[in-house]
There are 2 protein chains.
Amino acid sequence: MKERDEARVAGGTLAGDAYAAIHRAIRSGELAPGQRLRFAELQSLCGMSVTPVREALARLTAEGFTISDDHRGFRVAPLSLAELRDIVANRRLLEGEALRLSIQNGDAEWESRVLAAHHLMARVPRERDDIPSAMREEWDRKHAAFHRALLSACGSPILLDLCEKLFVKADRYRRMSISIPGQSRDVAREHEAIMTLSIERRTEPAVEALRAHYQNTADAVQRLFEDGRED
Amino acid sequence: MKERDEARVAGGTLAGDAYAAIHRAIRSGELAPGQRLRFAELQSLCGMSVTPVREALARLTAEGFTISDDHRGFRVAPLSLAELRDIVANRRLLEGEALRLSIQNGDAEWESRVLAAHHLMARVPRERDDIPSAMREEWDRKHAAFHRALLSACGSPILLDLCEKLFVKADRYRRMSISIPGQSRDVAREHEAIMTLSIERRTEPAVEALRAHYQNTADAVQRLFEDGRED
DNA sequence: GGCCGCCGGATTTTCGAAAATCCTGTGAAC
DNA sequence: GTTCACAGGATTTTCGAAAATCCGGCGGCC
């Protein structure tokens, strides 16, 4: 079995690796919004030929992370305040409904998943700007896991998938909000409230707390946009 | 400028043509649910080399129309009663909200678009089984246009996009329902009711009519499933 | 008999180069 | 001075073949 420098995931394809690498670079901002993507650069970034890179871009384009201009190449999808608002509005709708269904259908095991995921997230320290980025990524992962756990009992694979896709889309914007200095609101308290209300099966208060949580996040990022774009 | 037998769309790419051709074949049932997709066959179907076909499959897979098993090829995504139910449940949620927003935001031009689209659809005769398939396709197009017009004023590009994707996903199931013999319910009347209520800005009745419309369609197809799978 | 490992064909996946297309800047015509 | 056509280079897109992987069957071994 041949091994490459950047060993491919066992059993996977190079195209899959390219997808993961480019996706990650876009989410992290390493590839900036609107930036043109040249095959030569992506090939050296991924360490492979043009074919799998192109396949990765086809997938990314189908998911809206990149944009394809026929015969003129690809570029990273731009960010905009309008899109941020739109994403949040739809997350409020979709995740609100998903949480409602989860509370309705969730069993004791669901409760314990939520509790466990919240605990793991709360244990990761998340103070101010000067935290190491490795720890930030760790918190991001736990945060995502917590939200997934919340919705995990909704019983609708499609709804879950839509929520997941919007979550990832929102990630590029969330990244901006970490640079906000005086995080006045208490994210941890919001999370805790959502968790408690959910487990206590107080459906509508829980849903409302989740929706408010998204609105708050959006408002914070929106302020950033208005004070001139980042970079 | 070189021209091929199956002339590519002006300015487009072969990969784009392959995507359209395979997508169409799947929607029409020419490529059956679950069927394995061999590159040799697809190449002769599309009349091109493997690379653009593969790119098309990557896109289709990202959208859920095909499934990729690494190193084992692709197959058409299967249909199931569970998925049908899930699609309908989510369409009720999403299109319901989109219609609500459309009624809220729509101006006179929106009203006229809805009216016009409904008229075009109503003019296409749609009797029983023995209608020519060309006419059925015509009706399908008008039907899709009517639903799009209804939601077109919702103001949320993302919500519109999600609705469109679910609509296309549902299309494969809708195709089954045409073979239902005693269409007892009156689809035309349902459409008319939705249109009238919407234009009269009777928001909640309109939304409820739309949601019932989907539920009825789903129930009809579901009966088909239970009487043994088609084919 | 049942199970494991290996061989050969079928198929997918990737490569490197050829073909097609786009972009830039130069120069001629008006 | 402006416009237009058109080379020349850069870039994307596609091809055909090579490499990698999978599937099925055969033979040896326990």
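Here is how names work: the chains are called A, B, and so on, in the same order as the sequence lines, proteins then strands, and each is numbered from 1.
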Tell me the interatomic distance from [X], atom [atom1], to [N], atom [atom2], rounded to whole angstroms.
X        : N       : atom1 : atom2 : result
Phe74(B) : dT12(C) : CZ    : C1'   : 9 Å
Asp17(B) : dT13(D) : CG    : C1'   : 13 Å
Glu55(B) : dT13(C) : CD    : C1'   : 15 Å
Leu42(A) : dT13(D) : CG    : C1'   : 15 Å
Phe39(B) : dT13(C) : CZ    : C1'   : 8 Å
Gln43(B) : dG16(D) : CD    : P     : 9 Å
Arg54(A) : dC15(C) : CZ    : P     : 15 Å
His71(A) : dT13(D) : NE2   : P     : 6 Å

On the 0 to 90° scale, with breaks at 30° and 60°, tag the His23(B)-Phe65(B) ring pair as parallel, tilted or perpendicular.
-> perpendicular
Parallel, tilted or perpendicular for Phe74(B) and Phe39(B), by the 30°/60° rule?
-> perpendicular
How would you label the contact of Leu37(B) with the nucleic acid (heavy atoms, under 4.0 Å): base, sugar-phosphate, or nothing?
-> sugar-phosphate
Determine the contact category for Leu57(A): base if any of its heavy atoms lies under 4.0 Å from a base atom, sugar-phosphate if only primed atoms, P, OP1 or OP2 are that close, otherwise nothing.
-> nothing
Of Arg36(A) and Gly16(B), whose closest DNA chain D nucleotide lies nearer the 5' terminus?
-> Arg36(A)
Does a side chain donor of either Glu55(A) or Tyr19(A) reach within less than 3.5 Å of an acceptor in the other side chain?
-> no
Short side-chain N/O contact from Arg38(B) to OP1 or OP2 of dT11(C), under 4.0 Å | yes
Taking only side-chain nitrogens and oxygens of Arg72(B), does any of them come within less than 4.0 Å of OP1 or OP2 of dT12(C)?
-> no
Got a donor-acceptor contact below 3.5 angstrom from the Trp110(B) side chain to the Ala149(B) backbone?
-> yes
Would a line drawn from the ring center of His147(A) to the ring center of His118(A) be shorter than 6.0 Å?
-> no
Of Ser68(B) and Asp70(A), whose nearest nucleotide on DNA chain C comes first from the 5' end?
-> Ser68(B)
